[in-house]
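Take a look at the structure set out below.
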Protein chains: 2
Amino acid sequence: MKKYNIPVEAALEVIGGKWKVVILCHLIKSTRRTGELKRLMPGITQKMLTQQLRELEEDGVIMRKVYNQVPPKVEYSLTEYGWSLKEILDSLCAWGEQHIERVYPDKNEVLLPEASLDEMPLH
Amino acid sequence: MKKYNIPVEAALEVIGGKWKVVILCHLIKSTRRTGELKRLMPGITQKMLTQQLRELEEDGVIMRKVYNQVPPKVEYSLTEYGWSLKEILDSLCAWGEQHIERVYPDKNEVLLPEASLDEMPLH
DNA sequence: CTGGATCCGGTGGGATACTG
DNA sequence: CAGTATCCCACCGGATCCAG
């Protein structure tokens with residue numbers, strides 16, 4: 001359908017969105033609810049989050065599972081097709097870890113205990 | 001200086017630009033003049049090309065070599081720091097090649113002789 | 001003729017408030 | 001809690017102009 005000038009554009013079409021790689025890097029570690037993703041990405045807007053998630057879903061990279069309950073619950077996870085991106089995401093993450101300028105050199109900003117994410121006080 | 005919520009953002013800060021990965025994928029194969037890059041990326045604007053090249057240069061990923069001659073000649077190439085991105089670019093290109101929907105299955109759309117890029121029939 | 005800069009109009013993304 | 005609607009501005013695209 002699409003004509004690419006160079007094959008890598010096919011990859012960028014899927015993960016080239018502004019926040020998609022970050023989203024996928026979170027989902028590669030574990031299934032996440034919408035609010036969890038929002039907390040993991042303080043810089044992102046609701047609008048952009050849902051938009052990027054929809055596009056990833058349309059491209060078959062992630063799955064959206066809706067629980068019919070109140071309050072609403074939606075979970076996002078990688079599809080098998082999405083897992084084919086693992087090597088890309090791994091190399092991106094590895095490069096970032098090697099070349100990041102750490103503001104708090106002794107503090108791990110990433111691997112917070114997951115349990116604390118849900119009960120984080122909202123004040 | 002910058003605070004990242006996840007290390008991979010450090011990588012996206014460098015290669016996250018709209019055309020940067022494509023540019024780097026071309027430069028990883030060989031040094032290129034401005035006009036060559038322009039021809040290899042029919043979709044890009046002169047303005048965006050120079051802008052993305054400037055940003056890549058500021059981030060120390062590519063080098064800009066100016067020949068003082070008429071007509072002007074400028075060559076872009078990867079720096080040693082830029083070569084540290086090779087693994088990322090390779091995995092991106094490999095994924096693209098595997099998952100591209102080939103419009104002309106038996107035709108290699110990439111390694112066309114440069115001269116024919118402008119006159120390619122659109123049927 | 002190549003490489004680049006500038007000006008202007010349309011679009012994508014941010015902030016906020018609202019609905020179920 | 002998840003998602004939508006609205007407004008607004010920075011950014012991108014296209015055309016044009018400039019230097020060598």
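Below, read A as the first sequence line, B as the second, and so on, with proteins coming before strands; counting in each chain starts at 1. If you're wondering where the values come from, they're calculated on a predicted model, not measured in any experiment.
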Distance in angstrom units between [X] [atom1] and [N] [atom2], rounded:
X: B:K20; N: D:dC11; atom1: NZ; atom2: P; answer: 12 Å
X: A:E57; N: D:dG3; atom1: CD; atom2: P; answer: 9 Å
X: B:L53; N: C:dA5; atom1: CG; atom2: P; answer: 11 Å
X: A:Q52; N: D:dA2; atom1: CD; atom2: C1'; answer: 17 Å
X: B:K18; N: C:dG13; atom1: NZ; atom2: C1'; answer: 13 Å
X: A:M48; N: D:dA5; atom1: CE; atom2: P; answer: 16 Å
X: B:I44; N: C:dG3; atom1: CD1; atom2: C1'; answer: 14 Å
X: B:Q69; N: C:dT2; atom1: CD; atom2: P; answer: 12 Å

Given DNA chain C, 5'-ward residue of the pair A:W19 and B:V66, judged by closest heavy atom =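 Nearest-nucleotide comparison on DNA chain C picks B:V66.
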
Start with the C-alpha distance between A:L49 and A:K38, add both sets of side-chain angles, then the distance that settles side-chain contact (heavy atoms from CB on, under 4.5 Å), and finish with yes or no.
-> CA-CA 7 Å; A:L49 178 59; A:K38 213 182 301 178; 4.2 Å; yes

Which pairs would a plain distance check flag for residues 54-62 of chain B, meaning a side-chain donor or acceptor within less than 3.5 Å of a matching protein atom at least two apart in sequence or in another chain?
| residue | atom | partner | partner atom | Å |
| --- | --- | --- | --- | --- |
| B:R54 | NH1 | B:Y76 | OH | 3.4 |
| B:E55 | OE1 | B:K20 | NZ | 2.7 |

Minimal non-hydrogen separation, B:Q52 against B:W19, with atom names =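 Heavy atoms only, the tightest pair is OE1-N, 3.1 Å.
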
Heavy atoms only: give me the nearest B:E36-B:R32 pair and the separation to one decimal.
->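 Minimum heavy-atom contact is OE1-CA, 3.2 Å.
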
Closest approach to the side chain of [X], judged atom by atom: which nucleotide of [options] is it?
X: A:T45; options: C:dT6, C:dA15, D:dT4; value: C:dA15
X: B:P71; options: C:dT2, D:dC12, D:dG3; value: C:dT2
X: A:P72; options: C:dG20, D:dG13, D:dT6; value: C:dG20

When you measure from the side-chain N and O atoms of [X] to the phosphate of [N], is any distance below 4.0 Å, counting only OP1 and OP2?
X: A:Y76; N: D:dG3; answer: yes
X: B:R64; N: C:dG4; answer: yes
X: A:R33; N: D:dA2; answer: yes
X: B:R54; N: C:dG3; answer: no
X: A:Q51; N: C:dG13; answer: yes
X: B:T50; N: C:dG4; answer: no

Taking only distance into account, with no hydrogens and no angle test, what donor-acceptor pairs under 3.5 Å do side-chain atoms of residues 89-96 of chain A form with protein atoms, sequence neighbours excluded?
| residue | atom | partner | partner atom | Å |
| --- | --- | --- | --- | --- |
| A:D90 | OD2 | A:K86 | NZ | 2.5 |
| A:S91 | OG | A:E87 | O | 3.2 |
| A:S91 | OG | A:I88 | O | 2.8 |
| A:S91 | OG | B:S91 | OG | 3.4 |
| A:W95 | NE1 | A:H99 | NE2 | 3.3 |
| A:W95 | NE1 | B:S84 | OG | 3.0 |

How would you label the contact of A:Y67 with the nucleic acid (heavy atoms, under 4.0 Å): base, sugar-phosphate, or nothing?
->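 Result for A:Y67 = nothing.
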
Is B:T34 touching bases, backbone alone, or none of the nucleic acid, heavy atoms closer than 4.0 Å?
->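 Answer is sugar-phosphate: B:T34 comes under 4.0 Å of backbone atoms only.
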
